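This report refers to the structure that appears directly beneath it.
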There are 2 protein chains.
Amino acid sequence: MLETLHKNHERYFVPGLDRGLRVLEIVAKSDRPLTIAEIAKKLDVSRSSAFRITYTLSHLGFLITDSSNKLYDLGPRVLSLGFSYLNGQDIIKIAKPHLEKLRDITEISSHLAIREGSEVLYLDNIVSKSPFVSNISRGERRPIYASPLGWVLLGDMLDPKIIELFNNMNFQKMTDHTPGNVSALIARIREARTLGYVVSRGYVQHGGSTITAPIFDETNAVAAVIDISGPDSGFNFDEIDNFYVPAVVDAAQNISRDLGFSG
Amino acid sequence: MLETLHKNHERYFVPGLDRGLRVLEIVAKSDRPLTIAEIAKKLDVSRSSAFRITYTLSHLGFLITDSSNKLYDLGPRVLSLGFSYLNGQDIIKIAKPHLEKLRDITEISSHLAIREGSEVLYLDNIVSKSPFVSNISRGERRPIYASPLGWVLLGDMLDPKIIELFNNMNFQKMTDHTPGNVSALIARIREARTLGYVVSRGYVQHGGSTITAPIFDETNAVAAVIDISGPDSGFNFDEIDNFYVPAVVDAAQNISRDLGFSG
DNA sequence: AATAATTGTTTTATATACAAAACTTAAGGA
DNA sequence: TCCTTAAGTTTTGTATATAAAACAATTATT
């Protein structure tokens, strides 16, 4: 009965495609090249199936093998997808001038990010011209729960959905301010929603600060988030409330406005 | 007979995976979201097959649909692959300090690239601190035939292989210096190989110059290529031969050496 | 050195992914 | 308004992708 329902839901699934993409992500997450047997184990399929999938992926250039033809690693063709995605995102183009202005007036690196599952996904990184540069790249991911960007991003998500998303996740403490469980995370999200922004000093990394604000789409859902972030030495902490915060919130509002007209 | 051989070669292919990845690249190359019927036509499969593939890809987050559920575009999950690839490339880490030094002494943006099929794939972009910045990103691609980087990259490829790779490609003229056919391209490649570097002024873009040199692996095959490039205004053209060229060639040799010890 | 265990590859019987065709819905034209 | 065409979805018989099992080759263990 439940089995029938399950089968029904996946009636149109192409299993080879599903597994092939999972293989790519397994290899991507691994810090070293993998053998067919290892891939088979991680994927929970037979070695012969893993063989067929890696055969296909390496013939297509998405995987490459070492000289012994036994160790599989990502091939350069995987880049063809990600780069096109970034280039196709209107929000990046719309946000960029505002982020550049924000960087210029604050002299701190600014960023644009969206939510992807339970992760924050950085879409753009406007590097400060000061010597205090950030080490974040377009395409990089961070866990939502540990990032002020994430707390702001979840501002319009209902508590049950948040609990569903994080109920079986282990919360690794980055600093003393990292929420250690779902209810602590929800408290953080509430604060961010109430205030409309987040000021964090040493929340993510000791000696680093960020100021974060949400971008809204036409339906007032949180579409994305921006911040300025960098080492404490780049900030003038007397000016947080009457300079940095209004600057970030302003930029976010302007991006929201520009986004609304385009969509 | 030939059919049997063909089938034999693809004995282990997973067709669903092959087609799914091709769908992702079709959508990536398109400048607008596509319908199932359009994807089916471009893929040369039935609508029902295209439906199954897009169903799978969108359930996995690699494709997303618009509000009407009819137009398919790339989803953010495609980024998970490309970013891991860039982070896993040792050559980027090894080359970076040399590229930064090159940028610093020449005050011109430096780049690292490899070959991917018939394209040059940029792996890194060290931006000049001068106001003359390059507009090239990691992950970006250019046709090999039109780029000095490409001519250097093909330095160790045998002519028949080059002809095979470019025999049915249409050579779009970017400038007067762009080779218009395979034999013109081979001439360019020969020059690059003989000289050991390429100096180009206005070859790719009017008013832009580049100086390019190859990186070799342990077997003396061309593994990658570096250049400095930017607007003519950033160059001092009296110093090409006794400053810029030795600087680029030196950096390339140092990267080759570092690469040899690691691999 | 001999044997066992592990991994990569090939074969093959069977479960199932596939495309044709039917069906449904939406859009355009007369 | 009705008819035609096109696109999305579902069903279904059949060609084929799949995983088990067999085999080969390599690595580990005694």
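Not measured: the values here are computed from a predicted model. Proteins get letters first, then strands, A, B, ... in listed order; numbering begins at 1 in each.
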Only pairs under 3.5 Å count here: list side-chain donor-acceptor contacts from residues 152-165 of chain A, not counting sequence neighbours, and write none if there are none.
from	atom 1	to	atom 2	distance (Å)
D156(A)	OD2	V222(A)	N	2.7
D159(A)	OD2	R190(A)	NH2	3.0

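The pair E119(A)-R142(A) does not count as a salt bridge, with every side-chain nitrogen at least 4.0 angstrom from each carboxylate oxygen. Between E116(B) and R141(B) there is a salt bridge, since at least one side-chain N of the basic residue sits less than 4.0 Å from a carboxylate O of the acidic one. With salt bridges taken as basic N to acidic carboxylate O contacts below 4.0 Å, one links R22(A) and D18(A).
Annotation: side chain to side chain donor-acceptor pair (under 3.5 Å) contacts involving residues 36-48 of chain B, sequence neighbours excluded, comprise R32(B)-E38(B), T35(B)-E38(B), S46(B)-S48(B), S46(B)-S49(B).
If you take CZ of R52(B) and C1' of dT16(D), they are 13 Å apart, rounded to a whole angstrom. Between the OH atom of Y55(B) and the P atom of dA7(D) there is a distance of 23 Å, rounded to whole Å. Nucleotide dG8(D) holds its C1' atom 13 Å from the CG atom of L71(B), rounded to whole Å.
Residues from residues 15-33 of chain A that place a heavy atom under 4.0 Å from any atom of DNA chain C, listed by number: P15(A).
Using cut-offs of 30° and 60° on the angle between ring planes, the pair Y122(B) and H111(B) is perpendicular.
Taking S147(B) as the reference, V120(B), L149(B) meet the side-chain contact (heavy atoms from CB on, under 4.5 Å) condition, with sequence neighbours excluded. The salt bridge (charged side-chain N to carboxylate O under 4.0 Å, His left out) test applied to K93(B) returns D90(B), not counting sequence neighbours.
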Nucleotides 8-11 of chain C: which of its N/O atoms have a protein N/O under 3.5 Å away?
from	atom 1	to	atom 2	distance (Å)
dG8(C)	OP1	I36(A)	N	3.4
dG8(C)	OP2	A37(A)	N	2.7
dG8(C)	N7	R47(A)	NE	3.1
dG8(C)	N7	R47(A)	NH2	3.1
dG8(C)	O6	R47(A)	NH2	2.6
dT10(C)	OP2	Y12(B)	OH	3.4
dT10(C)	O5'	Y12(B)	OH	3.4
dT11(C)	OP2	R11(B)	NH1	2.9

